[in-house]
Number of protein chains: 4
Amino acid sequence: MRFTDKNDLIGVFRIMTNSDCDKRTVILDAALQLFSENGFHGTPMTLLAEKANVGIGTIYRYFKNKEEVISNLYKELKSESVAAMRENISRDMPIREQFINIFENMLKYYIANPQKFLFMEQYSYSPFINSSTKQEVCSAYAESLVSFFEYGKKHQVIKDLSTQIIFATANGQVVSLAKMHIAGEINLNDDMIRKAIETSWDALKR
Amino acid sequence: MRFTDKNDLIGVFRIMTNSDCDKRTVILDAALQLFSENGFHGTPMTLLAEKANVGIGTIYRYFKNKEEVISNLYKELKSESVAAMRENISRDMPIREQFINIFENMLKYYIANPQKFLFMEQYSYSPFINSSTKQEVCSAYAESLVSFFEYGKKHQVIKDLSTQIIFATANGQVVSLAKMHIAGEINLNDDMIRKAIETSWDALKR
Amino acid sequence: MRFTDKNDLIGVFRIMTNSDCDKRTVILDAALQLFSENGFHGTPMTLLAEKANVGIGTIYRYFKNKEEVISNLYKELKSESVAAMRENISRDMPIREQFINIFENMLKYYIANPQKFLFMEQYSYSPFINSSTKQEVCSAYAESLVSFFEYGKKHQVIKDLSTQIIFATANGQVVSLAKMHIAGEINLNDDMIRKAIETSWDALKR
Amino acid sequence: MRFTDKNDLIGVFRIMTNSDCDKRTVILDAALQLFSENGFHGTPMTLLAEKANVGIGTIYRYFKNKEEVISNLYKELKSESVAAMRENISRDMPIREQFINIFENMLKYYIANPQKFLFMEQYSYSPFINSSTKQEVCSAYAESLVSFFEYGKKHQVIKDLSTQIIFATANGQVVSLAKMHIAGEINLNDDMIRKAIETSWDALKR
DNA sequence: AATGAATGAGACTTCATTCAT
DNA sequence: TATGAATGAAGTCTCATTCAT
């Protein structure tokens with residue numbers, strides 16, 4: 001199996017997958033797919049190895065244990081999603097526009113990456129996870145929004161509510177919509193997304 | 001079952017099977033506590049038996065297998081939460097008041113029952129679960145809100161948005177707040193709860 | 001395998017092996033045999049289960065882990081060997097006779113129970129073992145001899161040497177002889193055993 | 001090899017293969033330290049490579065497999081210990097003096113080289129080892145003592161006992177003392193060592 | 001009806017060894 | 001010659017489930 005054939009002639013193919021075939025990445029890619037579909041506990045390490053086309057031992061060269069595979073994947077995805085959220089945002093834009101762009105970015109990212117979304121949500125509810133990782137990584141995301149909301153409140157464009165409530169209102173809607181969309185309970189298009197976020201803005205604007 | 005119907009008439013029958021019902025209840029109570037703390041996979045059946053003060057064999061007299069324990073618990077809790085949501089609501093009230101009462105009920109129920117909330121959320125994200133149960137049970141909850149929102153839209157009190165978006169907006173906020181409160185990231189009191197729900201209403205009102 | 005046949009008709013046989021078929025004992029018996037032949041690391045738990053005619057899970061009902069199997073076995077054997085050493089000894093006997101009986105007992109016990117001897121020696125040299133168990137158990141053995149040697153020194157029948165040196169001289173010889181006998185390098189009979197121990201006495205007598 | 005022959009004449013040749021020899025030596029040195037501390041099974045080859053500051057692959061250039069590392073180390077140490085035993089001994093000395101010197105040499109060597117002693121004892125009890133190596137190497141040691149004891153018996157200075165019993169008596173004491181000293185159960189100094197060996201002589205002298 | 005001892009499939013992980021560089 | 005990434009067999013242990021009492 002798996003390149004074991006000694007008389008392998010497809011060297012060219014190998015070269016192609018050589019550089020980006022960074023084993024760590026390959027493992028995390030397979031992990032995302034399997035974890036999002038079958039859950040952490042529904043994904044034995046043997047299956048992960050098979051999906052990633054590596055030996056099990058190889059996984060343990062890159063990650064100390066299963067939990068580290070999960071938490072490393074989470075960290076990478078969270079960074080990626082934070083980056084996605086920040087696209088096309090600048091401090092010069094009107095606050096309303098920033099708000100709408102931020103949450104549109106987020107919702108669109110979730111919808112375009114359902115596996116990543118499902119994995120992150122699963123992770124965030126899993127009592128099985130070392131919460132230090134959760135904290136460590138979430139802060140980047142939260143802080144960035146917190147300062148934005150506080151800026152909006154100071155400029156009297158956003159209601160004078162506890163920042164957490166503001167966060168929960170906007171973020172909660174987006175998460176809820178993504179979940180429903182992925183579950184097939186709703187079929188969001190760009191127009192609906194825009195309307196949904198504007199609705200959220202109506203909640204929070206002054 | 002236990003809490004499904006407030007107008008339960010078979011009380012007499014229940015008294016007869018009292019001890020039966022006790023064991024079942026005792027097991028589900030222990031299950032809620034353990035599952036919410038350690039997760040489904042962090043809770044071996046032997047531990048459940050021990051916590052419930054019954055033999056392991058006994059659990060298998062009341063539930064076909066572990067998954068049935070989980071899904072039965074979910075069903076009961078979902079019914080209970082739907083009942084909680086409906087308290088103090090009547091069709092005569094103004095729609096706004098109904099809306100606020102419904103979501104206040106819900107948020108307060110979650111906060112008062114953190115284990116139940118955490119269990120239900122964990123369940124809803126677990127790929128491990130037979131989704132038929134999920135569907136089956138959620139409908140009661142969703143349907144009842146759907147018809148309310150549609151009523152509100154027809155009377156031009158609620159915005160003319162897709163019902164799912166309306167649902168996601170209100171429900172998402174509440175779930176998000178409950179999660180944060182339980183995680184200790186916010187400390188909600190009655191006043192904050194009221195303000196948060198009113199904010200949600202601002203989003204959806206016409 | 002192993003009693004799995006549902007139509008098993010040899011109930012009588014089962015009853016026979018029922019009471020003494022205390023699983024714990026059966027496991028330790030199998031463990032002694034396998035450990036003495038193949039060593040701790042040459043004996044996988046699966047093999048132990050097979051030899052003991054129990055499921056692997058059963059081993060873990062009686063012992064927390066492999067190490068506990070080993071240390072429990074050691075404790076039992078050490079007690080047994082101490083008991084063997086003490087046979088036919090009484091404080092009334094001349095010290096010389098006591099000495100000879102003690103070490104004859106010991107050597108004969110080792111020779112009659114080569115597996116037990118080999119297991120105990122293997123254990124005592126294994127860096128893999130929790131030394132607290134070693135200490136805990138050995139003391140009974142050592143103390144009993146220590147007080148005997150001190151008694152002999154006080155009565156000026158045994159040389160005035162450090163008790164440890166006395167112990168090492170007598171015990172070392174016996175262990176060394178047992179090892180050689182079991183390895184087939186010498187073939188000890190009662191007469192040789194007697195002569196060997198008398199030689200040891202010559203070393204220590206005053 | 002390294003220590004086998006004091007009158008080694010191929011020094012020139014050695015200088016040529018200097019680096020070769022270094023790697024092999026470095027590996028065996030690291031092996032001694034790790035094996036004596038953690039045991040054979042507690043020492044992965046990767047750890048050995050790390051400790052020796054060589055790649056794992058390199059170990060396999062010098063030794064066919066792990067067992068060969070162990071047995072080669074054993075052979076070298078056994079040769080070394082035999083050499084140590086023979087120091088300051090000459091056929092001209094009185095037999096008693098030879099005896100005392102031989103076993104003093106041995107005990108002092110063990111005490112001065114606790115790792116080597118522990119390794120050799122561990123090895124000698126390990127059922128894991130190919131016993132052919134054991135035989136092959138021990139003979140040098142045993143034979144040399146055997147002829148000495150037989151010489152002593154012939155000259156009627158040593159008791160007319162089976163040579164094996166004589167060997168077991170003297171060797172057993174020394175091994176036992178070394179073990180106790182290293183374990184901290186006794187603290188031997190030159191005077192005690194001398195007394196202990198003299199005691200041994202009392203056992204065996206005619 | 002209730003129990004819990006017994007089971008073994010299957011999970012996670014280690015580590016001796018290989019082989020391409 | 002030297003390296004160390006890659007491998008997967010094999011080990012330990014857990015835990016859902018069964019069944020005799």
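Quick caveat: nothing in here was measured; it's all calculated off a predicted structure. Letters go in sequence order (proteins before strands), and every chain restarts at 1.
With rounding to the nearest 0.5 angstrom, the CG atom of B/Leu32 is 9.0 Å from the CD atom of B/Glu37. Annotation: the span from D/Asn38 atom CG to D/Thr43 atom OG1 amounts to 4.5 Å, rounded to 0.5 Å.
Per the geometry, CZ belonging to B/Arg61 stands 13 Å off P belonging to F/dT18, to the nearest Å. Residue A/Lys23 contributes atom NZ, which lies 11 Å from atom P of F/dG8 at whole-angstrom precision. When rounded to the nearest whole Å, the span between CG of A/Leu47 and P of F/dG8 equals 16 Å. Between the CZ atom of B/Phe40 and the P atom of F/dA16 there is a distance of 13 Å, given to the nearest Å. Distance D/Leu48 CG to F/dT3 P: 13 Å, rounded to the nearest Å. The NZ-P distance, from D/Lys64 to E/dT18, rounds to 10 Å in whole Å. Atom CG in D/Asn38 sits roughly 11 Å away from atom P in E/dC15 (whole-Å rounding). The distance between atom CG of A/Asn53 and atom P of F/dA6, rounded to the nearest whole Å, is 13 Å.
Looking at every heavy atom in both residues, C/Ile27 comes nearest to C/Leu48 through O-CD1, 3.7 Å. Nearest heavy atom pair, residue C/Thr46 against residue C/Ile56, reads CG2-CD1, 3.4 Å. The shortest non-hydrogen separation linking B/Phe119 to B/Ile70 is CZ-O, 3.6 Å. Summarising the geometry of C/Lys66 relative to C/His41, their closest heavy-atom pair is NZ-CA, 4.4 Å, with the distance given to 0.1 Å. Scanning both residues, A/Ser36 and A/Gln122, for their nearest heavy atoms gives CA-NE2, 4.3 Å.
Side-chain proximity of C/Val54 to E/dT3, E/dA5, E/dT7: nearest is E/dT7. Listed nucleotides: F/dT17, E/dT14, E/dT7. Nearest to the side chain of B/Asn65: F/dT17.
Nearest-nucleotide mapping onto DNA chain E: of A/Thr58 and C/Thr58, the residue sitting toward the 5' end is C/Thr58.
Helical stems in DNA chain E, defined as runs of 3 or more consecutive Watson-Crick or G-U wobble pairs with both donor-acceptor distances under 3.5 Å, are listed by first residue as E:2-21 with F:2-21.
Electrostatic pairing of A/Glu76 and A/Arg24 counts as a salt bridge here, judged by a charged N lying under 4.0 Å from a carboxylate O.
Ring orientation note: the planes of D/Phe40 and D/Tyr123 are nearly perpendicular, at an angle over 60° on the 30°/60° scale.
Proximity of B/Tyr60 to the phosphate of E/dG4: no side-chain N or O atom is located under 4.0 Å from OP1 or OP2.
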Distances under 3.5 Å only, N/O to N/O: pair up the protein atoms with those of nucleotides 9-11 of chain E.
none

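Among the protein residues, D/Phe63 comes within range of no part of the nucleic acid, since none of its heavy atoms lies under 4.0 Å from any strand.
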